[in-house]
Amino acid sequence: MLDLGGRDGFGGRMAHIVGQSRYQATLYPETLDEVIAADSTVRVIDGFVDSLDLAGLGFSNVEAEATGRPPYDPRDLLKLYVYGYLNQMRSSRRLEREARRNVEVFWLINRVRPVFKTIADFRKDYPEAIAGVCRAFIKFCREQSVFGGEVLAIDGSKIAAAASRKQVITKAKLAERDAAIERKIADYLTAMDEADAEETPLEPTKTDVAAALAALRAQRAELQQQAEQLVQEGLKQKVLGEPEAKLMRTPRGHQVAYNAQIAVDAQHDMIVAFDLTNEGNDLQQLHPMARQGKAAVGADQVSVVADTGYANGAHGKQCEQDGITAIYRMASGSIRRASNTSAAISSATPERATAGVALPVRSSNSSRPPTPNRRRNIGRKPARPVR
């Protein structure tokens, strides 16, 4: 091949590949639909949302009123929400920007431009309806045979709540606060007695002490009322302002949080079931989540895989009765099993697990026989360190 040295063969240099001018007008402009690929995800979002009965799910303004300011179509806002979820955009301000610059969003919501507050209010006002959309999508995937329906994986994650740790009340914390208030009340009463004993009492100080004493007694009454509520409701702890949440241990320390549970189908890693609890651990979640997952995929028999946190022999037995093979690892030293079977498992791997049997786990500090290399080193003195 003849090397022209970057020239076009006529003495001039070759030009770069250039596009069309942004100011060029065309007689037959391309439509926005031609820009979106035929297999684009937004086309699936559009078709799925249009197939839903939004009024039946609980959305309002599905049909616009004859008078008043026209609202946004909930279909457009739901499509924008689903698009943000699939593309990991949780911020309402980020979604507002995408509605102004993203060609896919232009096509999806017909170039409407809702502000961030409209997007945030949509998510805040329809939490149950959006959860219903998720269940409808699971049903849609089952009808399209997307789920394998043979193996499910269950796991949980701690999600931080809006309330802080200062809003958590327990019997011990209430008793501690009550004792502190009692001490303060006693100090104020002593101060009032000392003020009365003086020849020239200071009226302003006496009045301030009386006001503070009344405030402390009101606080003590409130603490006593909270303690009575804990007893009546049979709770060990309660989060003021967010009673559904609980103080629980998380990877980032103790936080007020929720325990989010999901069941995932193994074929395409699709979430088939979900739930939100305030249990501090996963010990009571194996059977409920396995049963939800089995119902979601519509199978007669499924296998469920979970980690050590779900090790619960009673739940494993319930799973077996419901046609679910529960496979999980047991903590070292525990004798709990998922069923009454006596099959022994020497290799602790899920692939070789007998149906319904919990798998033992060797702890990191458990004793184990020395390897051949270790046998050769038994009785030898350790080598001196090089100085």
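Keep in mind that the numbers below use all heavy atoms, side chains included, and drop hydrogens, waters and symmetry copies.
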Original post:
Any side-chain hydrogen bond (donor to acceptor under 3.5 Å, both in side chains) pairs touching residues 48-57, not counting sequence neighbours?
Top reply: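 Listed by first then second residue: D50-K79.
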Original post:
Which residue pairs pass the side-chain hydrogen bond (donor to acceptor under 3.5 Å, both in side chains) test when at least one of the two sits in residues 259-269, sequence neighbours left out?
Top reply: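 side-chain hydrogen bond (donor to acceptor under 3.5 Å, both in side chains) check on residues 259-269 returns N259-Q261, N259-D282, Q261-D282, Q261-Y310.
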Tell me, please, which residues at least two apart from [X] pass side-chain hydrogen bond (donor to acceptor under 3.5 Å, both in side chains).
| X | result |
| --- | --- |
| D121 | K117 |
| E242 | Y258 |
| K158 | none |
| K246 | none |

Subject >> Min side-chain heavy-atom separation L52-F48 under 4.5 Å >> reply: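 L52 reaches F48 side chain to side chain.
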With sequence neighbours excluded, tell me which residues meet side-chain contact (heavy atoms from CB on, under 4.5 Å) with [X].
| X | value |
| --- | --- |
| L86 | T41, I45, V82 |
| L247 | R165, V168, Q237, H254, V256 |
| A131 | R135 |

Side-chain donor/acceptor of [X] to backbone N/O of [Y], under 3.5 Å:
| X | Y | result |
| --- | --- | --- |
| R43 | A37 | yes |
| N102 | E104 | yes |
| R75 | L54 | no |
| D322 | I324 | no |

Is it true that atom [atom1] of [X] has more than 12 heavy atoms of other residues, nucleotides or ligands lying nearer than 6.0 Å?
| X | atom1 | answer |
| --- | --- | --- |
| F137 | CZ | no |
| D33 | CG | yes |
| R101 | CZ | yes |
| E150 | CD | no |

Original post:
With sequence neighbours excluded, what pairs up with R100 under the salt bridge (Lys or Arg N to Asp or Glu O under 4.0 Å) test?
Top reply: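 Once residues adjacent in sequence are excluded, the partners of R100 under the salt bridge (Lys or Arg N to Asp or Glu O under 4.0 Å) criterion are E96.
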Subject >> Listed partners of R97 passing salt bridge (Lys or Arg N to Asp or Glu O under 4.0 Å), at least two apart >> reply: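 For R97, no residue satisfies salt bridge (Lys or Arg N to Asp or Glu O under 4.0 Å) once neighbours in sequence are set aside.
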Taking distance alone, no hydrogens or angles, what donor-acceptor pairs closer than 3.5 Å link side-chain atoms of residues 288-297 to residues at least two apart or in another chain?
none

Original post:
In terms of hydrophobic clusters joined by side-chain contacts under 4.5 Å, are I130 and I159 together?
Top reply: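 Not linked; separate clusters.
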Subject >> Path from L80 to V115 over hydrophobic side-chain contacts below 4.5 Å >> reply: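 Shared cluster, no.
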Original post:
Is R93 close enough and on-axis enough to F116, meaning under 6.0 Å and within 45°, for cation-pi?
Top reply: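 Yes; both conditions hold, so R93 lies above the ring face of F116.
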**OP:** Examine Y81 together with Y85 and report whether their ring centres are nearer than 6.0 Å.
**Re:**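 No - the distance between ring centres of Y81 and Y85 does not fall below the 6.0 Å cut-off.
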Subject >> Residue pair N312 / H287, side-chain donor-acceptor N/O under 3.5 Å >> reply: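 Short answer, no.
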